[in-house]
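Working notes for the structure below.
The chains referred to below are lettered A, B, ... by the order of the sequence lines, with proteins before strands, and numbering in each begins at 1. Please read all numbers here as calculations on a predicted model, not as lab measurements.
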Number of protein chains: 2
Amino acid sequence: MEGGHSPDEANAPERLRALPSRLLNLAAGYAQRQVGERLATLDSRKWHYATLAALEEFGPDSQSGLSDRTGIYRSDLVATINELTARGLVVRAPDPADRRRNAITLTDEGRRHLKHLDLLIADAQAELLAPLSEVDRAELTRILKLIVGHHSRL
Amino acid sequence: MEGGHSPDEANAPERLRALPSRLLNLAAGYAQRQVGERLATLDSRKWHYATLAALEEFGPDSQSGLSDRTGIYRSDLVATINELTARGLVVRAPDPADRRRNAITLTDEGRRHLKHLDLLIADAQAELLAPLSEVDRAELTRILKLIVGHHSRL
DNA sequence: ATAATTTCGTTAGTGCGACTAACGTTAGAG
DNA sequence: CTCTAACGTTAGTCGCACTAACGAAATTAT
């Protein structure tokens, strides 16, 4: 599950070396690896984390609500919730107010698990950003937010 | 192939909103979309571009050499070269000096195609970075290079 | 009231990129 | 001459993004 076939940056073509889209993809890859590997130690994936985090912050929610907040597609959310319920981290129950909906609720066990995941995520960020100064970290976050903000609202 | 189920940043959980790994993944997603959509108009993908670019810059090369330079896995490179040869953009011939190797050579047609792709890639970068000032673009590139540099060696 | 439309959850499936395993062929080193 | 390593290839896994279609339930328009 490890390894890394990172391109030899020194020998990479000029045209590619400074290409923002490529740097972004590479950096995202490292980020995903850091996060993924750590979450895997607790048999979790980023969707689990996103879902649990959303539930703790906003309380019980429907699956479509969770989809909006987390960016997980409704169709993929099904499996995520299945996995979380199987482990007793959330409960899925039909919403009496609107019987089309499922009310997803965080359990105590889920809350506890989330705390563990928080630590792993923090570790991953630290490792990912290791070569950056505090200032650079803030700059990076600021600039990425500009990009994400621009492209997320249409 | 379009659409975008970008999470509603406003309603996203606190914990996720400023998470560098997540911002990186989102931004990389937008980048990939911009690049991918444009390349698709010429039935190309980023691997095609990377391969052609490497060949133009360094001249004929083996598949493993291309793998090193572009970051494409040897196993995936096979299909890429197949596609490029099918379109007459490169030629694959056994290397007489080392018969384990294939010498991949860029054709004139390939060189011409690469020029078109260059334009598309440039467009994609412009759109991706639209909300950023010149200074911010330079900052972003600089910081991403730090991250990539750090995680690619070792 | 009833018909038409919309929302929600679900199933199934596609496509792509990253990555591993295994294998035959060929080269190079001892 | 044998052992090992490199190359290209095939096949397959995994995670994530995304689409299509559908039944059940709710909302709306008539």
Side-chain angles (χ1 to χ4, degrees), chain A residues 1-7 21-22 24-26 28-37 39-40 43-51 61-68 70-83 85 92-104 151-152, chain B residues 1-7 21-22 24-26 28-33 35-37 39-40 43-51 61-68 70-83 85 92-104 151:
Chain A
M1 196 198 282
E2 219 102 334
H5 172 57
S6 315
S21 61
R22 174 170 170 275
L24 231 24
N25 272 317
L26 287 174
Y30 297 125
Q32 212 163 4
R33 169 160 299 194
Q34 292 295 339
V35 169
E37 279 177 6
L39 292 183
D43 286 303
S44 299
R45 279 171 297 123
K46 58 183 213 168
W47 288 350
H48 297 79
Y49 180 67
T51 303
D61 201 353
S62 68
Q63 292 184 195
S64 71
L66 288 172
S67 172
D68 289 344
T70 60
I72 306 172
Y73 271 70
R74 297 196 305 289
S75 48
D76 296 323
L77 201 46
V78 175
T80 302
I81 302 296
N82 284 346
E83 290 160 20
T85 55
R92 168 158 45 192
D95 182 340
D98 181 343
R99 301 218 313 281
R100 290 172 305 181
R101 294 188 170 175
N102 288 333
I104 312 298
H151 289 89
S152 66
Chain B
M1 194 197 287
E2 219 103 333
H5 171 56
S6 316
S21 61
R22 174 169 171 275
L24 231 25
N25 272 316
L26 287 174
Y30 296 126
Q32 211 165 4
R33 169 159 299 193
V35 169
E37 280 178 5
L39 292 183
D43 287 303
S44 299
R45 279 171 296 124
K46 57 182 214 170
W47 287 350
H48 297 78
Y49 180 68
T51 303
D61 202 352
S62 67
Q63 293 184 194
S64 71
L66 288 172
S67 172
D68 289 343
T70 61
I72 306 172
Y73 270 70
R74 297 196 306 288
S75 48
D76 295 325
L77 200 47
V78 175
T80 302
I81 302 294
N82 284 346
E83 290 160 19
T85 56
R92 169 159 41 191
D95 181 341
D98 182 342
R99 300 220 312 283
R100 289 171 303 180
R101 295 186 171 179
N102 288 334
I104 313 297
H151 288 89

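- Formation of a donor-acceptor pair under 3.5 Å by the A/S62 side chain with backbone atoms of A/A103 is not found in this model.
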Query raised in the report: Along nucleotides 21-30 of chain C, 5' to 3', which nucleotides get a B, which get an S, and which get a -, given that the test is a protein heavy-atom distance under 4.0 Å?
Result: -----BS---
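- Here the C1' atom of nucleotide D/dA25 and the CZ atom of A/R101 are 12 Å apart, to the nearest Å.
- Counting only distance, with no hydrogens or angles, the side chain of B/N102 and the backbone of B/I104 share no donor-acceptor pair below 3.5 Å.
- Between A/I72 atom CD1 and C/dT10 atom P the separation is 14 Å, expressed in whole Å.
- When the P atom of C/dG15 is taken as reference, atom CD of B/Q32 falls 16 Å away, rounded to whole Å.
- Rounding to whole angstrom units, CZ of residue A/R22 and P of C/dG17 are separated by 15 Å.
- Out of C/dG17, D/dC16, C/dT10, the shortest distance to the side chain of A/N102 is found at C/dT10.
- If you take CZ of A/R92 and P of C/dG9, they are 9 Å apart, rounded to a whole angstrom.
- Summarising the geometry, the separation between CD1 on A/I104 and C1' on C/dC8 is reported as 12 Å, rounded to the nearest angstrom.
- For the pair B/W47 CH2 and C/dG15 P, the interatomic distance rounds to 15 Å; values are reported in whole Å.
- A donor-acceptor contact under 3.5 Å is not formed by the side chain of A/D76 with the base of D/dC16.
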